[in-house]
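What follows is one structure encoded as structure tokens, with my remarks underneath.
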Amino acid sequence: MRRGDKVTPFKAGLMVVTIVAVFCFFVFGKVNPFAHPYKLKAAFENASTLHANSPVRIAGVEVGKVKAIDREPDSSAAVVTMEIQKNGLPIHRDAQLKIRPRIFMEGNFFVDVSPGTPATGNLKSGSTVPVTRTSAPVQLDQVLTSLQSSTRQALQTLVRGYGGALNGKPQPGEDADQPPETRGETAAKSLNDATKYAPDALRGVAIVNQALLGTDVHDLSRLIAGTQKVTGALASREVSLKELVTNFNKTTGAFAAEQGNLRSTIHLLPGVLERANPVFDHLNAAFPPTRAFAREILPGVRETPATINAAFPWIRQTRALVSPDELQGLVHDLQPATSDLAQLTNGTVTLLPQVDLVSRCAIRVLLPTGDMKIPDPPLSTGIENYKEFFQTLTSLSGESQNFDGNGQYTRFQPGGGDQSFSTGGIQGLGRLYGRAAIKPLGTRPARPKREPPYNRSFPCYKNKLPNVASARTGPGE
């Protein structure tokens, strides 16, 4: 419109009517073009009963409407888009949605929303609730469809088979592993006999049901809420749940293959459970000290990082110490010596008992014998015989001194006479002869006719001390 042009009455009236129409549309249609409504999507297996503008309710209160239904081709499944008002928020991650029929006067169906629990977090606008947390009503035509001719025939076959299983006699060998009193009975007869034990079993079931009520108020409701969380978590992990079922099938197959061992295990299980009760009692008694220990160890745990940091320099030094240039090289050089030392140690294991026997013999027999004084009148010295032995060695050393280059030798000056004598046979020397001025009286001690017996199996330290005063003088026998 150029400057100077004027608005005609017709144009002005048309603009006013348009503005009033738009205002009335927004006011009476309750449409706010500046609002951003909360949208929630849900996947249903069957949403054929819903249509656009079907109500959405929480606990019977309408909080929104169905805006769109996107149906899957060649299927009754669909994704339903809903707009939720502020009074219906928040919607949590474990929310559940159900399609329910409205009352008779209302007609049609509505979406019933269970918002879920706050602990799971909130769903953002545009989020989709999976089909595992939605459900749709079963229609009468679906019930009738499930009872078609083939289905009814299969159901009849099932009932007849169940009746035959209850009333049929067992085949030979089928009940060989059963108790003697039940062999040959039908399943119905055994089932009737089982009713004798039903009171005790039902009493146990009653005790279990009573225990399920808990000890405090709302224990059962907390159990149900916890179960709901668990089932919700399982429902949100469909793929993992399928894998769990598959693996469980493999596990049960493995148990079936080991049914004999499993039967033996179950037979021994009652005794194990009886012995487990005292173990659990001791375990419960150990918990208080364990908790006290855990509290006391907390300061040490808090100091552990600082201790580790302080140990790093030592670790670096230790790592350098055990390097190939240090301890590793030393260990490599010591390997031959270690092998020899191991052999020496093994030999010492055999040697030390023998050394112990020699030490006992010296302490209990040889040394006490050396401390004895040998009476030999008129040649008695009155000193211990081991001292006489060393004095003899000293005298023999002086006797054998020589001043020429021939070395030491002992000189004997035998006396001459008309008395001949011989030493008898000496090992390595033979018989020696000599002459004496007078007839020899004999030797002290007298030479025995034969050598005394030598017993190698009798321990030396068990021998009695010899009687050095009992030696007699006389000629050899």
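Keep in mind the model is a prediction, meaning the values are calculated, not measured.
- Of all the heavy atoms in Ser236 and Arg133, the pair that sits closest is CB-NH1, 4.2 Å.
- Panel note: side chain Asp356, backbone Leu352; no donor-acceptor pair is recorded below 3.5 Å.
- Looking at Ser135, its side chain never comes within 3.5 Å of a backbone N or O of Lys98 through a donor-acceptor pair.
- Rounding to the nearest 0.5 angstrom, the gap separating the OG1 atom in Thr132 from the CZ atom in Arg237 is 10.5 Å.
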* Step by step, would you call Glu258 with Asn261 a side chain to side chain donor-acceptor pair (under 3.5 Å)? -> CA-CA 5 Å; Glu258 299 292 337; Asn261 296 331; 2.8 Å; yes
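- For Asn463 (side chain) and Cys460 (main-chain N/O), a donor-acceptor pair under 3.5 Å exists by modelled atom type.
- With no hydrogens or angles considered, no side-chain donor-acceptor pair links Asp325 and Ser323 at under 3.5 Å.
- A heavy-atom distance below 4.5 Å is found between the side chains of Ile99 and Phe44.
- Put simply, the side chain of Thr120 never gets that close to the backbone of Gly116: no donor and acceptor are under 3.5 Å apart.
- Around atom NZ of Lys39, no more than 12 heavy atoms belonging to other residues, nucleotides or ligands sit under 6.0 Å away.
- The number of heavy-atom neighbours closer than 6.0 Å to CD of Glu62, taken from other residues, nucleotides and ligands shown, is above 12.
- By the 6.0 Å contact criterion, CD on Glu296 is open, its count of non-hydrogen atoms from other residues, nucleotides or ligands being 12 or less.
- The distance from the NZ atom of Lys67 to the CG atom of Leu40 is 14.0 Å, given to the nearest 0.5 Å.
- Counted within 6.0 Å of CZ on Phe293, heavy atoms from surrounding residues, nucleotides or ligands total 12 or fewer; the atom is thus considered open.
- Residues Asn122 and Ile91 form no side-chain contact, since every pair of their non-hydrogen atoms from C-beta on lies 4.5 Å or further apart.
- A salt bridge is absent between Asp112 and Arg57; no separation between the charged side-chain nitrogens and carboxylate oxygens falls under 4.0 Å.
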